[in-house]
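Presented below is the structure to which this report refers.
Keep in mind that what you see is a predicted model, and the values were worked out from it rather than measured. Letters A, B, ... mirror the listed sequences (proteins, then strands); counts begin at 1.
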Protein chains: 2
Amino acid sequence: MQRREKTTPPLIPKVAATRISRYLRYLEELQARGATTTSSRELGAALGVTAAQVRKDLGYFGQFGYPGLGYKISNLIPEIQRILGTDRSWNVALVGIGNLGTALFRYKGFAAHGFRIVCLFDSNPRLIGRSVEGLVVHPVQAVGELVRSKKIELAILSVPQTAAQDVAQSLVEAGIKGIFNFAPVLLSLPEDVAYVSIDLAVELEQLAFLVCHRERELAKVKSPFE
Amino acid sequence: MQRREKTTPPLIPKVAATRISRYLRYLEELQARGATTTSSRELGAALGVTAAQVRKDLGYFGQFGYPGLGYKISNLIPEIQRILGTDRSWNVALVGIGNLGTALFRYKGFAAHGFRIVCLFDSNPRLIGRSVEGLVVHPVQAVGELVRSKKIELAILSVPQTAAQDVAQSLVEAGIKGIFNFAPVLLSLPEDVAYVSIDLAVELEQLAFLVCHRERELAKVKSPFE
DNA sequence: TAGATTGTTAATCGATTAACAATC
DNA sequence: TAGATTGTTAATCGATTAACAATC
């Protein structure tokens, strides 16, 4: 458990970054509707958080608003993109071209936010060499070479649980900077590799849990954005 | 913002339920390896939380351990399943049979934990009537009737953003108890309907954010399970 | 018994909210 | 100017960790 000096600048809670991402989503929606300004009150109301929370979250990164006026949407959107690192595009590898992998590859939401899946990998000999919507599936062994040559920084891992740690290891050795993992396992990675993980079964269990405990009036079992 | 009397029993933080789910995942793994007992220390170490956290989390729901001995795996697994509501099976509707929906339908991890996708829905006339691995795709309009007749309690929503709120509305009217939403939008639902949501683009943005801020040594930007 | 580990209370730590001066 | 809304500090609230008596 890493200790940290008391003098370090304001630490940013991870949930703040998640909310910032959602503010961006809503700002894009507002802009599409033709709005030009908004306020912490409006943003908060739309996302189910307090206005103070919105201002605090943005405050971790700078001053983007105008007292009395609110925020200029055309100004705040690029600021948040810069904060999130989505003001540029990212090359992404997709490892594991099964049902989920294929669906993720076809998912339009990634490209819309600057994430380009530029390389596919699998270990199944029957898939290797095949072309999926214009991209060839490469053997996992080629990760090292291709990550470097294609300047890939992020990887999406949709491989079976049993393969996940080994593949992650190869990706790390190839110099990947972040891994988005769908395998139901906690990957052990070096500290300087970023890590986001989704376990679909865990999420569905959460839903069952919430249903079971709604009746028992489970109070603080309150999702962060409802 | 709902107020709550000071006398209410210990409120359960949402993250505690998430961790409990992960404890279960790890316990199943331990059992598969032939282990019969474990301890809060071992569980915590495996999942990157303190032993005190593990005991506290379990403590919200009861006393399952033996001082000096730890926890009996064969005993703790069913206890956690009962807590999560996965000690029985759940009938699930899948709405939106696109790439993601199809992948989710084929995903084995749900069935393995008692979630049975028993009905498929879509609004695309070209999909309606088609059979996907033995299940016929029904029109979204049939939700009301089928949710009741098939005793469906949960729904997975993998429809486009623009359709999500309307479909959710129909599901609620049909008496659904919980919705697992993949559309990038905050659904507005009655309080007694449980809600879990994943926005894949937001998750990938989190990864980009973490990568960008690793260097800037972003301290408390620490994911809950690393 | 001695050693280990639980369940739980108290202490610490961190995140959220309220409040308000600054300012457009 | 008066009204609105920011950025930020202080107060509150809640979650995590440490500590330890109870107990196997």
Side-chain angles (χ1 to χ4, degrees), chain A residues 1-20 23 35-45 47-73 75-76 79 218-226, chain B residues 1-6 8-20 23 36-45 47-73 75-76 79 218-226:
Chain A
M1 208 96 304
Q2 64 197 44
R3 276 289 109 217
R4 177 154 299 289
E5 310 82 60
K6 295 285 172 184
T7 48
T8 330
L11 307 180
I12 298 156
K14 167 143 177 65
V15 281
T18 309
R19 284 189 298 258
I20 293 254
Y23 301 155
T36 58
T37 65
T38 186
S39 65
S40 58
R41 196 178 40 72
E42 183 183 26
L43 277 172
L47 296 166
V49 300
T50 63
Q53 182 78 269
V54 173
R55 294 199 300 276
K56 186 115 240 229
D57 286 342
L58 294 172
Y60 288 120
F61 303 98
Q63 307 188 161
F64 310 115
Y66 302 86
L69 304 175
Y71 302 90
K72 289 186 189 162
I73 293 175
N75 175 252
L76 190 52
E79 289 286 6
L218 227 177
K220 208 53 256 168
V221 178
K222 180 183 117 183
S223 55
F225 295 101
E226 90 184 328
Chain B
M1 204 98 302
Q2 65 196 44
R3 276 289 109 217
R4 174 154 302 289
E5 309 83 59
K6 295 285 171 183
T8 329
L11 307 180
I12 298 158
K14 166 139 179 65
V15 282
T18 309
R19 286 190 297 258
I20 294 255
Y23 301 155
T36 58
T37 65
T38 187
S39 65
S40 58
R41 196 178 41 71
E42 183 182 28
L43 278 172
L47 296 166
V49 301
T50 63
Q53 181 79 270
V54 174
R55 296 199 297 279
K56 185 116 241 222
D57 286 342
L58 294 172
Y60 288 120
F61 302 99
Q63 307 188 161
F64 310 115
Y66 303 87
L69 304 176
Y71 302 90
K72 290 187 189 164
I73 293 175
N75 175 253
L76 189 53
E79 289 286 5
L218 225 175
K220 208 57 247 172
V221 178
K222 181 184 114 183
S223 54
F225 295 101
E226 87 185 329

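C:dT6 atom P lies 13 Å from atom CG of B:N75, rounded to whole Å. To the nearest angstrom, P of C:dT16 lies 13 Å from CG of A:L11. Put simply, CG on A:L47 is 16 Å from C1' on C:dT16, counting in whole angstrom units. Rounded to whole Å, the distance from CG on B:D57 to C1' on D:dT17 is 12 Å. Regarding B:R41, its CZ atom lies at a distance of 17 Å from the C1' atom of D:dA18, rounded to whole Å. Distance A:Y71 OH to D:dA4 P: 17 Å, rounded to the nearest Å. In this structure, CD of A:E79 is placed 15 Å from C1' of D:dT6, rounded to the nearest angstrom. For the pair B:L76 CG and C:dT6 C1', the interatomic distance rounds to 13 Å; values are reported in whole Å.
Between the CD atom of A:Q53 and the CG atom of A:L47 there is a distance of 11.0 Å, given to the nearest 0.5 Å. Taking CG of A:L58 as the reference point, atom OH of A:Y23 lies at 6.5 Å (rounded to 0.5 Å).
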Tell me, what's DNA chain D's dot-bracket, Watson-Crick or G-U with both distances under 3.5 Å, | for other-strand, [ ] crossing? ..||||||||||||||||||||||
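When the side chain to side chain contact (heavy atoms under 4.5 Å, CB included) test is applied to B:T38, the partners found at least two apart in sequence or on another chain are B:L27, B:L30, B:E42, B:L43, B:Y71, B:I73. In this view, B:E79 and B:R82 satisfy the salt bridge (Lys or Arg N to Asp or Glu O under 4.0 Å) rule, not counting sequence neighbours.
When the side-chain nitrogen and oxygen atoms of A:Q63 are compared with OP1 and OP2 of D:dT8, one or more of them lie within a distance under 4.0 Å. Residue B:S40 has a polar side-chain atom (N or O) positioned under 4.0 Å from OP1 or OP2 of C:dT6.
Under the 4.5 Å side-chain criterion, counting only non-hydrogen atoms from C-beta, B:I20 is in contact with B:F61.
What you find for B:R55 and B:S40 is that their closest heavy atoms are NH1-OG, 3.0 Å. Residues B:D57 and B:A16 approach most closely at OD1-CB, 3.5 Å, considering heavy atoms. When all heavy atoms are compared, the tightest approach of B:F64 to B:N75 is O-OD1, 3.8 Å.
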Which letters describe nucleotides 19-24 of chain C, given B = protein heavy atom under 4.0 Å from base, S = only from sugar-phosphate, - = neither? B---BB
N/O-N/O pairs, protein side and nucleotides 9-11 of chain D side, under 3.5 Å:
none

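Looking at heavy-atom distances under 4.0 Å, A:G70 makes contact with sugar-phosphate atoms alone, never a base.
Among the nucleotides D:dT5, C:dT16, C:dT8, the one closest to the side chain of A:R19 is C:dT16.
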